[in-house]
2 protein chains.
Amino acid sequence: MGSENQKLMRSTQLLRSFWNVQKNLMRFVQKTAVENDLSVPQYSILMTIAPHKEMLQKSLGEKTFLPKSTLSQAVDGLVQAGWLNRQQVEGNRREMQLSLSEKGEAFIKTIHLQEGSIHQVFRSAVESLTEKQCDELLETHQRIAAYLEAQGAGQGEGTK
Amino acid sequence: MGSENQKLMRSTQLLRSFWNVQKNLMRFVQKTAVENDLSVPQYSILMTIAPHKEMLQKSLGEKTFLPKSTLSQAVDGLVQAGWLNRQQVEGNRREMQLSLSEKGEAFIKTIHLQEGSIHQVFRSAVESLTEKQCDELLETHQRIAAYLEAQGAGQGEGTK
DNA sequence: TTAAAACTGTTCAAAAATGAACAGTTCTTT
DNA sequence: AAAGAACTGTTCATTTTTGAACAGTTTTAA
């Protein structure tokens with residue numbers, strides 16, 4: 001069936017398209033992380049926690065998909081560096097509550113403003129998009145991410 | 001200026017949106033790689049070389065942004081496994097010509113068909129997009145990728 | 001033609017990321 | 001309430017990735 005084949009090619013093309021963006025993003029994330037003495041997981045953690053100011057370590061794991069050993073080590077480093085506070089959840093001696101310190105918030109702001117940081121570079125990259133293009137991109141990404149999120153989260157898969 | 005602030009938020013929102021897709025994609029790439037006894041760099045290499053059938057190792061480095069030590073090791077593994085052929089470029093004793101072996105081509109086809117592979121999962125994820133949505137996504141991604149590609153490739157940056 | 005500089009890929013020691021085993025806690029079932 | 005199962009995070013040995021030094025080749029320019 002020709003149209004099936006058509007669809008297959010479409011999907012391949014789209015996957016490549018995402019991959020092309022993602023490998024470039026990773027390049028700048030890597031660079032930004034190194035320039036601020038962070039590992040890539042640590043950078044991810046900061047960016048994930050930033051809009052909420054505080055999060056359970058468990059939730060952070062679910063959001064980032066980082067293996068829990070990686071998460072534990074990365075968080076530890078961030079706490080050492082003074083960017084995060086870590087304390088036991090009261091009424092639950094297993095879970096850890098993580099929160100951005102004031103230093104941490106300031107640090108994130110600094111990163112956002114650094115020339116050559118992923119944030120600055122990306123800002124320029126999307127500068128010329130129209131309102132409509134932005135909205136459609138967000139909408140489509142949201143749909144794809146939601147689908148993927150739902151996959152594999154169900155069965156035997158968990159962050160080990 | 002309010003509209004500047006507006007733009008900033010837009011950019012942040014878009015970056016998050018890409019990140020949400022990318023972390024999910026990476027999850028499946030990782031999974032697909034492991035299931036086929038590949039490292040993530042090795043998987044990237046195969047997917048990059050696949051449409052061309054053959055490439056210079058140098059070009060592969062430029063396309064994937066993999067550090068050259070990583071590239072060298074990963075390629076070596078693929079050659080050992082019999083998926084790639086490697087030979088010196090004739091008339092140039094530095095560069096290496098890499099090409100998919102027949103076994104390698106077959107291997108890639110197999111991966112594409114595996115249930116739960118990134119390819120299958122992604123296919124389902126984008127199944128319901130309209131023709132128009134696909135085209136716009138491709139177009140926008142292309143623009144962003146092109147911009148990012150141009151950045152940093154110029155000055156002191158190269159794959160070490 | 002040479003010497004110096006730039007290029008391409010490999011090697012190897014160091015750093016980063018991860019799985020598996022674990023320790024302590026909480027929840028379930030009896 | 002006691003035993004067993006499930007949960008949450010840490011530790012540590014192993015694996016993966018990477019930067020730096022290198023070896024060999026080609027290009028540049030003296």
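Excluded from the calculations below are hydrogen atoms, water molecules and symmetry mates; all remaining heavy atoms, backbone and side chain alike, are included. Every chain is numbered from 1 and lettered A, B, ... according to where its sequence line falls, protein lines coming before strand lines.
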Using distance only, find each side-chain donor-acceptor pair of residues 119-128 of chain B under 3.5 Å and give its atom names and separation, not counting sequence neighbours.
| unit_1 | atom_1 | unit_2 | atom_2 | d |
| --- | --- | --- | --- | --- |
| B:His119 | NE2 | B:Tyr43 | OH | 2.9 |
| B:Gln120 | NE2 | B:His112 | O | 2.8 |
| B:Arg123 | NH2 | A:Glu4 | OE1 | 3.0 |
| B:Ser124 | OG | B:Gln120 | O | 3.3 |
| B:Ser128 | OG | A:Arg143 | NH2 | 2.6 |

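- Atom NZ in A:Lys68 sits roughly 13 Å away from atom P in D:dT11 (whole-Å rounding).
- Near DNA chain C, meaning a heavy atom under 4.0 Å away, the residues from residues 78-94 of chain B are B:Arg86, B:Arg94.
- In the set D:dG9, C:dT8, D:dT11, the nucleotide with an atom closest to the side chain of A:Gln73 is D:dT11.
- Atom C1' of nucleotide D:dG24 and atom CE of B:Met96 are separated by 11 Å, given to the nearest angstrom.
- The base of D:dG19 sits within donor-acceptor range of the side chain of B:Ser69, with an N or O pair under 3.5 Å.
- Nearer to the 5' terminus of DNA chain C, by closest-nucleotide assignment, is the contact made by B:Glu95 (compared with the other of B:Glu95 and B:Gln30).
- Not a single donor-acceptor pair under 3.5 Å links the side chain of A:Ser72 to the backbone N or O of A:Lys68.
- Sequence neighbours left out, not one pair with a member in residues 11-26 of chain B passes salt bridge (charged side-chain N to carboxylate O under 4.0 Å, His left out).
- Counting to the nearest Å, the C1' atom of C:dA17 and the CD1 atom of A:Ile45 are 12 Å from each other.
- Residue pairs meeting the side chain to side chain donor-acceptor pair (under 3.5 Å) criterion with at least one partner in residues 100-111 of chain B, sequence neighbours excluded, are B:Lys53-B:Glu105.
- In this entry the distance linking CG of B:Leu71 with P of D:dG19 reads 13 Å, nearest Å.
- Taking atom CE on A:Met26 and atom C1' on D:dT17, their separation rounds to 12 Å, with Å as the unit.
- By the salt bridge (charged side-chain N to carboxylate O under 4.0 Å, His left out) test, A:Lys63 pairs with no residue at all, sequence neighbours left out.
- At a non-hydrogen distance threshold of 4.0 Å, B:Ser39, B:Val40, B:Pro41 from residues 34-43 of chain B come into contact with DNA chain D.
- Residue A:Val89 shares its hydrophobic cluster (ILVMFWY side chains chained together at separations under 4.5 Å) with A:Leu56.
- Atom C1' of nucleotide C:dT10 and atom NZ of B:Lys58 are separated by 17 Å, given to the nearest angstrom.
- We find that CG of A:Asp76 is positioned 15 Å from C1' of C:dA16, with the value rounded to whole Å.
- A heavy-atom distance below 4.0 Å to DNA chain D is reached by none of the residues of residues 50-57 of chain B.
- Applying the 4.5 Å side-chain rule to ILVMFWY residues, one finds that A:Leu113 remains a lone member of its cluster.
- For the salt bridge (charged side-chain N to carboxylate O under 4.0 Å, His left out) test, residues two or more places apart in sequence or in another chain that qualify with B:Glu131 are A:Arg10.
- The B:Thr70 side chain lies nearest to D:dT17 when the options are D:dT17, D:dT10, D:dG19.
- A donor-acceptor pair is defined here as one N or O able to donate and one able to accept, closer than 3.5 Å; such a pair exists between the side chain of A:Ser117 and the backbone of A:Ile111.
- Under the rule for a salt bridge (charged side-chain N to carboxylate O under 4.0 Å, His left out), B:Glu139 has no partner lying at least two apart in sequence or in another chain.
- Rounded to an integer number of Å, the gap from B:Glu62 CD to C:dT8 C1' is 11 Å.
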Identify each donor-acceptor pair in which a side-chain atom of residues 73-83 of chain B lies under 3.5 Å from a protein atom, sequence neighbours left out, and give them as a table.
| unit_1 | atom_1 | unit_2 | atom_2 | d |
| --- | --- | --- | --- | --- |
| B:Asp76 | OD1 | B:Arg86 | NH1 | 3.3 |
| B:Asp76 | OD1 | B:Arg86 | NH2 | 2.8 |

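- In this pair, B:His141 and B:Phe18 present their aromatic rings tilted. The plane angle is within the 30 to 60° band.
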